[in-house]
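Comments concern the structure below.
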Amino acid sequence: MTPAEDLNGPQLQAVNAIEGPILIIAGAGSGKTRVITCRIANMLDRGIPQSAILALTFTNKAAREMEARVKELTGKKLQNLTVSTFHAFGVKVLRDEIETLGYRRNFSIYDEVDRDQVIKDSLRECKVSTEGVDLYALGQIFSNVKIGRARWGHGANSEYEHVYEEYQRNLKLYNAVDFDDLLTLPIRLFERYPEILSAYRKRYRYIMVDEFQDTSFIQYRLMKLLARGAEDTSAPCNICVVGDDDQSIYSWRGASYENIQRFEEDFPGVVEIKLEQNYRSTTTILEAANGVISNNTNRKEKRLWSGNGGGKPIEIFYPRNESDEADFIAEQIKQMKFQEHMRYDDFGVLLRTNSMSRAIEEAFLSLNVPYRMSGGTSFFQRKEIKDALSYLRLIANLEDDVNLLRIINTPRRGIGKTSIAAISELAAKNRSSLWDAMTRFSLAEDALFQEEMGRADVREFMALIEKNREEMLGKRGLSQKTRALIEEIDYWGHLVTEFSKNEKLARWKFGNIESLIQSMVVWENDPDNLDPTLYPYLNRISLITRDDGDDDADKGKVNLMTIHSSKGLEFPVVFIAGAEDGVIPHAHSVEESEGSIEEERRLFYVAITRARDKLFITSCRTRRKQQSSVECQPSPFLAEIPQHLIEHHEAAQKTPEDEEAEAKAFFTRMKAMYK
């Protein structure tokens with residue numbers, strides 16, 4: 001008997017529905033993974049061979065988890081069960097069949113770096129200058145053409161069509177495939193060689209697809225070919241897809257919730273099963289989520305419900321700005337952790353974009369709240385921020401070889417590899433720092449160090465650092481002097497050159513530099529900051545990215561992440577930051593696509609349903625954009641939450657007495673620390 005205890009009625013129906021086309025609509029937190037694994041275990045228990053089952057999902061992690069749970073349920077080794085991602089399944093097919101397409105069996109799979117090099121070679125062979133070409137952007141165009149999301153002259157610039165054809169020829173010449181080929185080539189095999197398709201259909205008689213709402217059209221094509229669509233009635237079609245159209249949030253990478261509708265059209269007689277009981281959240285949170293998502297028109301009707309009780313009200317705060325918002329989140333987490341005996345990893349802080357993380361990261365640092373950033377690069381780990389900080393760190397410490405190497409030729413200043421190699425060799429020979437070796441190099445007159453090797457450029461770089469060292473060390477006005485340094489090295493010009501085909505990206509990166517400088521201004525103007533100079537600032541920033549080993553289960557770290565990255569996760573307490581019009585729904589997304597307001601609403605729905613017990617939402621009155629502060633309006637999605645579920649909190653205005661009390665409390669804490 002397959003272990004299926006504690007399954008509710010619809011879950012049990014899904015587990016026992018083995019034959020024919022099955023559509024399982026699995027709402028957020030409805031026990032989807034348990035249903036899938038119990039269903040596979042049930043098939044095995046009924047005598048269906050492992051080799052006849054194909055389970056497809058989207059990440060290697062999900063595939064490993066699914067296989068591990070089936071092993072746990074059945075106690076079997078499962079050597080012949082295929083549980084994999086779509087792309088891994090494509091590799092499996094190509095390893096066996098690629099010679100049919102004229103490749104050799106031991107083909108290579110090229111990653112993005114390899115792909116960009118082949119594109120570069122193809123441009124050169126087509127006598128197209130590579131100067132100023134954004135290889136990543138061109139790679140995206142090639143990808144969209146290959147998987148059918150764009151056609152030459154329709155979404156793809158035709159001037160690169162001959163380069164694409166050369167790129168394809170080169171891949172085959174090198175006996176290599178790119179990531180998209182792992183889907184397109186198996187489809188080509190199946191469509192051109194019916195006998196190969198027939199063999200795979202006979203083998204995989206039971207197919208399951210998890211996270212079906214995240215499938216792209218090309219993944220759907222591959223699945224449909226394997227599962228025998230409506231055009232092939234020669235044998236029963238046992239295909240089960242599991243998904244939730246309300247959680248379809250990846251259209252920007254090709255996912256289409258419309259595949260659910262296609263499935264119903266392509267597989268007549270489909271049995272639909274809805275999993276609506278949520279085991280994660282309180283009734284309050286689910287009613288809020290239902291209230292929001294019911295405003296979408298293109299969706300399967302469903303209503304999540306919970307047996308977990310009413311729960312605490314949703315609290316919405318309206319801070320004055322992102323700095324107050326960050327302080328509120330950090331302080332609330334700290335307070336709940338100690339008062340309610342929670343762990344830091346019980347908290348999830350969700351952002352629409354990772355560019356919003358800087359203020360929150362600084363607030364966590366200020367209150368010594370450990371955190372980890374997922375689904376995006378930490379503000380202080382972005383290349384442009386690391387570049388700026390590397391200048392400051394070298395100014396503070398001339399012996400810092402790592403940061404010196406990072407910025408010695410950023411922006412480009414003519415110090416080439418030959419010069420750097422000579423300097424490094426001299427440093428190794430004398431067991432000295434690179435700065436000391438640069439001093440020797442710049443003064444050397446022997447044949448090894450010729451002027452053309454960059455001695456003048458090295459002297460100029462050293463003079464730049466020495467001058468700013470004189471101006472910054474131990475002196476105030478760090479933000480102003482940092483801005484002057486950024487202008488002196490012409491970092492904006494560097495970004496324009498690096499991203500000549502994407503000025504929008506260059507502006508965004510330069511905006512991050514401005515955010516860094518603005519954060520310095522705030523730090524310098526903090527009345528509690530008694531020494532707003534370079535060394536204390538760098539010490540403070542270093543703590544943000546420290547690896548303090550605080551990963552044990554008792555302490556953990558707060559989960560700071562984009563909403564996209566939170567999908568599939570859950571936390572006892574969730575904060576949704578930046579619930580403002582233009583942030584969520586995001587202004588650019590709404591401008592770019594007519595249907596994107598519904599996807600933005602699905603994104604907000606996903607954010608709400610990550611919370612188990614308690615949900616806080618913040619909506620700032622003003623938010624800094626570039627160098628100015630702009631007025632904000634609350635997200636229209638907030639009005640879609642049933643109002644009886646909400647407690648609203650206006651931003652408190654600090655009085656002089658409040659500020660004096662805060663100052664006293666600060667000095668009390670300082671005294672306690674140094675007793």
Side-chain angles (χ1 to χ4, degrees), residues 87 90 94 101-103 107-188 191-192 216-222 250-256 383-384 411-412 490 492-511 586-596:
H87 289 89
L94 294 179
L101 295 175
Y103 292 78
F107 64 91
S108 299
I109 301 171
Y110 278 3
D111 62 16
E112 206 169 274
V113 175
D114 297 326
R115 181 199 68 180
D116 287 353
Q117 185 58 52
V118 180
I119 291 175
K120 199 181 227 181
D121 294 342
S122 303
L123 285 164
R124 196 176 297 113
E125 288 160 15
C126 291
K127 295 183 170 48
V128 177
S129 172
T130 59
E131 189 67 32
V133 173
D134 185 336
L135 293 176
Y136 174 79
L138 188 55
Q140 290 301 108
I141 292 172
F142 285 8
S143 174
N144 287 337
V145 168
K146 186 172 287 193
I147 65 175
R149 288 187 72 192
R151 290 181 294 125
W152 296 114
H154 300 273
N157 191 335
S158 295
E159 71 172 293
Y160 290 112
E161 185 172 1
H162 66 301
V163 180
Y164 173 76
E165 290 167 356
E166 185 67 24
Y167 167 74
Q168 290 288 82
R169 281 192 291 270
N170 280 334
L171 281 177
K172 196 158 188 180
L173 179 66
Y174 303 152
N175 197 42
V177 299
D178 63 21
F179 202 59
D180 294 316
D181 288 327
L182 301 180
L183 298 177
T184 59
L185 292 182
I187 287 174
R188 189 184 304 172
E191 290 179 338
R192 289 185 183 178
S216 63
F217 183 62
I218 193 166
Q219 288 166 330
Y220 181 84
R221 278 179 64 196
L222 179 60
Y250 295 112
S251 67
W252 46 274
R253 67 184 190 196
S256 174
K383 183 182 184 304
E384 60 275 16
R412 295 199 170 126
D490 190 20
W492 166 244
H494 164 70
L495 290 173
V496 168
T497 302
E498 290 289 302
F499 304 99
S500 57
K501 295 285 187 180
N502 193 346
E503 187 178 331
K504 183 178 176 183
L505 180 57
R507 290 190 179 281
W508 181 79
K509 286 178 172 289
F510 199 69
H586 199 280
H588 291 164
S589 296
V590 174
E591 288 166 10
E592 288 170 9
S593 170
E594 191 177 312
S596 65

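Just the heavy atoms: all of them, side chains too, but no hydrogens, waters or symmetry mates, feed the values below.
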Interatomic distance, Ser143 atom OG to Tyr164 atom OH [nearest 0.5 angstrom]: 9.0 Å
Derivation and outcome, side chain to side chain contact (heavy atoms under 4.5 Å, CB included), residues Phe142 and Val163: CA-CA 9 Å; Phe142 285 8; Val163 180; 3.9 Å; yes
Ser122 side-chain N/O to Val118 backbone N/O, donor-acceptor pair under 3.5 Å: yes
With Phe179 via side-chain contact (heavy atoms from CB on, under 4.5 Å) - residues at least two apart: His87, Leu182
With Glu384 via side-chain contact (heavy atoms from CB on, under 4.5 Å) - residues at least two apart: Arg382, Tyr491, Trp508, Lys509, Asn512, Ile513
Listed partners of Lys146 passing salt bridge (charged side-chain N to carboxylate O under 4.0 Å, His left out), at least two apart: Asp178, Asp181
Closest non-hydrogen atom pair, Arg115 against Leu135: NH2-O, 4.5 Å
Donor-acceptor side-chain pairing of Gln140 and Asn144 below 3.5 angstrom: no
Point-to-point distance, once rounded to the nearest 0.5 Å, from NZ of Lys120 to OH of Tyr167: 15.0 Å
Smallest separation among heavy atoms of Ser158 and Gly153, with atom names: OG-N, 3.1 Å
Verdict with reasoning, Leu185 to Tyr103, per side chain to side chain contact (heavy atoms under 4.5 Å, CB included): CA-CA 11 Å; Leu185 292 182; Tyr103 292 78; 4.2 Å; yes
Arg124 atom CZ: more than 12 heavy-atom contacts under 6.0 Å: yes
Atom pair OG (Ser216) and CZ (Arg149), whose distance is rounded to the nearest 0.5 Å: 8.5 Å
Point-to-point distance, once rounded to the nearest 0.5 Å, from CG of Leu183 to CZ of Arg221: 10.5 Å
Distance in Å, Arg412 CZ paired with Glu498 CD, rounded so as to fall on 0.5 Å steps: 5.0 Å
Partners passing side-chain contact (heavy atoms from CB on, under 4.5 Å) against Asp134 (at least two apart in sequence or in another chain): Tyr136, Ala137, Lys501, Asn502
Audit row: Ile119, Leu123, side chain to side chain contact (heavy atoms under 4.5 Å, CB included) steps and yes/no: CA-CA 6 Å; Ile119 291 175; Leu123 285 164; 4.2 Å; yes
Residue pair Phe510 / Leu495: nearest heavy atoms and the distance that separates them: N-CD1, 3.7 Å
Results of side-chain contact (heavy atoms from CB on, under 4.5 Å) for Ala176 - residues two or more places apart only: Ser108, Tyr110, Leu171, Tyr174
Sequence neighbours excluded, every pair satisfying salt bridge (charged side-chain N to carboxylate O under 4.0 Å, His left out) that has a member inside residues 154-168: Glu166-Arg169
Asp490 to Pro411 - nearest heavy-atom pair and separation: O-CG, 4.2 Å
Value rounded to 0.5 Å, distance of NZ in Lys172 from CZ in Phe107: 13.0 Å
